[in-house]
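The chains referred to below are lettered A, B, ... by the order of the sequence lines, with proteins before strands, and numbering in each begins at 1. Computation of the quantities below employed the complete heavy-atom set of this structure, encompassing side-chain atoms and omitting hydrogens, waters and symmetry-equivalent molecules.
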Amino acid sequence: MIDLKYLQKNFDEASAKLIKKGVNKEILENLKELFATLKSANSTLEEAKAEQNKMSKLFGEYMREKKDITQLKEKVNANKEEIVALQATAREAQEALERVSLAIPNFPDDSVPEGANEEDNVELKKVLEPRKFEFEPKEHWELAQINGWIDFERGVKLAKSRFSVLRGEAARLERALINFFLDVNRQRGFEEVCVPFLNNSAMLQGTGQLPKFEDDLFKIDGEDLYLIPTAEVPLTNLYHDEILTQKELPILLTGYTPCFRKEAGSAGRDTRGMIRQHQFDKVEMVAIATPQQSEDIFNMMVENASDILTQLGLPHRVIELCGGDLGFSAATTIDLEVWLPGQDKYREISSISNTRDFQARRAKIRYKDGKKNVLVHTLNGSALAVGRTLVAIMENYQNEDGTIEIPEVLKKYM
RNA sequence: GGACAGUUGGGUGAGCUGGCUGAAACCACAUCCCUGCUAAGGAUGCGUACGGGUAACUGUACCGAGGGUUCGAAUCCCUCACUGUCCGCCA
């Protein structure tokens with residue numbers, strides 16, 4: 001959630017920022033108005049309540065002194081009716097405000113490049129030179145078939161389309177990657193955690209998936225539970241509604257989880273292979289930090305993810321997302337895209353975001369700075385998406401006969 | 001899933017015959033004082049959110065959540081969630 005007080009006081013500045021992210025001005029004007037309405041409704045309501053409280057206190061005294069209370073009672077009852085009406089107004093204002101404000105995305109940082117979509121993203125650098133093949137490199141699904149690594153048909157049988165089964169070496173490689181990622185992250189100072197893969201709606205709202213993106217989530221029928229779309233949800237919400245001490249910050253967390261996404265709106269995209277699945281494995285990094293720490297930690301997270309790819313010998317590039325391509329909660333995002341020779345393209349394999357205080361405000365994560373409670377900054381990033389790393393290894397490490405070499409750093413995990 | 005018990009501030013825990021309780025006490029924490037040596041003594045402060053005020057301060061709400069009774073509810077009633085124990089089931 002954005003800071004409504006800031007919106008109110010610096011409307012032009014705030015709306016200029018959000019226009020970068022594609023939010024139109026009328027919505028913001030409406031939001032500002034709703035906020036003002038709520039404030040005035042609340043203040044009249046509070047006055048009436050203060051009056052009521054005062055009279056009720058008097059009531060007690062009258063009773064003790066055995067004074068006549070009929071007149072007081074009339075006054076109090078009249079006031080009570082008024083309160084009920086004011087309450088309804090205030091409540092409506094509250095609900096309207098919530099409905100709108102929860103659907104407003106985060107402010108992008110000033111440094112975020114202008115742009116409408118991914119075409120306007122900015123390449124910061126390339127790491128490692130793509131290998132030169134003396135033969136036509138195959139796409140990962142061909143390689144999967146040659147090696148018997150991925151069983152797409154039976155995945156579909158077990159669940160539905162966009163599910164798959166890893167077999168033999170591929171299943172072991174998947175597990176090796178998870179362990180490798182977790183070990184690297186741990187050495188960087190991240191605490192390894194193992195969390196529930198189902199989270200309730202309050203948590204999904206805390207990190208911004210709800211209420212706006214409900215269609216992207218798998219919901220458990222009859223329960224207030226959703227399959228997590230990313231470990232960012234449980235890791236960040238570990239401190240939901242808590243007040244931390246400054247000493248314990250920054251908190252660095254890493255965890256492996258499967259992720260579940262409906263991929264609504266991705267119909268027809270990446271239908272072949274395992275680039276875009278309903279269920280995929282990911283190792284995630286999350287940081288809870290003070291505003292002063294968040295910048296350095298962000299850079300460290302980007303470096304860490306890039307370093308993992310380098311250790312695996314996978315060529316990749318570092319991309320800064322433009323305003324129009326930024327996610328809902330992010331103030332700034334760096335994507336890492338890995339080189340896929342079979343596809344002859346760079347494809348996203350990690351996305352690292354600083355949400356600043358946007359999620360913290362929704363999830364009520366604060367820390368004590370002296371006497372004041374201050375919202376933390378929350379950051380998240382993949383290190384890395386496991387399935388896509390597997391694909392990248394297949395395509396980059398393929399031999400002419402379709403067999404696949406195992407990267408050196410993974411050998412001890414196999 | 002069934003039965004009973006519970007859910008209070010950072011923690012432990014009183015209050016629960018309705019008003020004097022936003023909440024005792026203890027611990028933790030912070031600042032100061034004393035002391036002098038590895039640990040102890042004393043003073044004060046210390047919940048959260050939103051609003052008003054330059055500030056001192058002040059208003060409202062919150063004792064698991066939501067609703068109800070009442071002039072007034074942490075305290076009474078209802079619904080739900082969660083926790084504990086026993087039983088059932090099970091990796």
- Query: Any idea how A:F328 and A:F358 line up, ring-wise: parallel (<30°), tilted (30 to 60°), or perpendicular (>60°)?
  - Reply: perpendicular

- Plane angle bin for A:F180 and A:Y413 - parallel if under 30°, tilted between 30 and 60°, otherwise perpendicular: perpendicular

Select base, sugar-phosphate, or nothing to describe what [X] touches, counting heavy atoms under 4.0 Å on all strands.
| X | value |
| --- | --- |
| A:K247 | nothing |
| A:N373 | sugar-phosphate |
| A:Q52 | sugar-phosphate |
| A:L58 | nothing |

- Distance-only polar pair, side chains of A:Y367 and A:N373, donor-acceptor under 3.5 Å: no

Please check the phosphate of [N] (OP1 and OP2 only) for any side-chain N or O of [X] closer than 4.0 Å.
| X | N | result |
| --- | --- | --- |
| A:N53 | B:rU60 | yes |
| A:R366 | B:rA49 | yes |
| A:R91 | B:rG67 | yes |
| A:K73 | B:rU70 | no |

Mind calculating the distance between [atom1] ([X]) and [atom2] ([N]) to the nearest angstrom?
| X | N | atom1 | atom2 | answer |
| --- | --- | --- | --- | --- |
| A:K49 | B:rG51 | NZ | C1' | 13 Å |
| A:K5 | B:rG52 | NZ | C1' | 12 Å |
| A:K54 | B:rU60 | NZ | C1' | 13 Å |
| A:K80 | B:rC71 | NZ | C1' | 7 Å |
| A:E51 | B:rU60 | CD | P | 11 Å |
| A:D224 | B:rC80 | CG | C1' | 12 Å |
| A:E242 | B:rG9 | CD | C1' | 15 Å |
| A:D369 | B:rC29 | CG | P | 20 Å |

What interatomic distance, in whole Å, is found between [atom1] of [M] and the corresponding atom of [N]?
| N | M | atom1 | result |
| --- | --- | --- | --- |
| B:rG88 | B:rA81 | C1' | 22 Å |
| B:rA5 | B:rA24 | C1' | 25 Å |
| B:rG64 | B:rG59 | C1' | 26 Å |
| B:rU60 | B:rG22 | P | 11 Å |
| B:rC33 | B:rU85 | P | 49 Å |
| B:rG52 | B:rG66 | P | 24 Å |
| B:rG47 | B:rU54 | P | 24 Å |
| B:rC78 | B:rA25 | C1' | 34 Å |

May I ask which nucleotide in the shown strands pairs with [N], Watson-Crick or G-U wobble, both distances under 3.5 Å?
| N | value |
| --- | --- |
| B:rC37 | none |
| B:rG84 | B:rC4 |
| B:rA65 | B:rU79 |
| B:rG51 | B:rU58 |
| B:rA43 | B:rU31 |
| B:rG9 | none |
| B:rC90 | none |
| B:rG19 | B:rC71 |

- Candidate pair A:E46 and A:K49, rule salt bridge (Lys or Arg N to Asp or Glu O under 4.0 Å), full reasoning: CA-CA 5 Å; A:E46 282 177 15; A:K49 278 187 172 169; over 6 Å; no

Among the nucleotides [options], which one has an atom lying closest to any side-chain atom of [X]?
| X | options | result |
| --- | --- | --- |
| A:I243 | B:rG72, B:rG51, B:rU48 | B:rU48 |
| A:N77 | B:rG52, B:rC71, B:rU48 | B:rC71 |
| A:F59 | B:rC71, B:rG59, B:rG47 | B:rC71 |

- Begin with the C-alpha distance, continue with both residues' side-chain angles, and end with the deciding distance and a verdict on side chain to side chain donor-acceptor pair (under 3.5 Å) for A:S111 and A:D109. CA-CA 5 Å; A:S111 60; A:D109 282 355; 4.6 Å; no

- Assess A:K32 against A:F11: is NZ or CZ under 6.0 Å from the centre of the six-membered ring, and within 45 degrees of the ring's axis? yes

- Looking at A:Y256, does the NZ or CZ of A:K282 lie under 6.0 angstrom from its six-membered ring centre and within 45 degrees of the ring axis? no

- Pairwise 5' ranking along RNA chain B for A:E223 and A:N42, keeping only the more 5' one: A:N42

- Message: Against A:D270, only a single residue in A:R347, A:R162, A:R388 fulfils salt bridge (charged side-chain N to carboxylate O under 4.0 Å, His left out); can you say which?
- Response: A:R347

- Report yes if a donor N or O on one partner sits less than 3.5 Å from an acceptor N or O on the other, where the partners are the side chain of A:E46 and the base of B:rG59; otherwise report no. yes

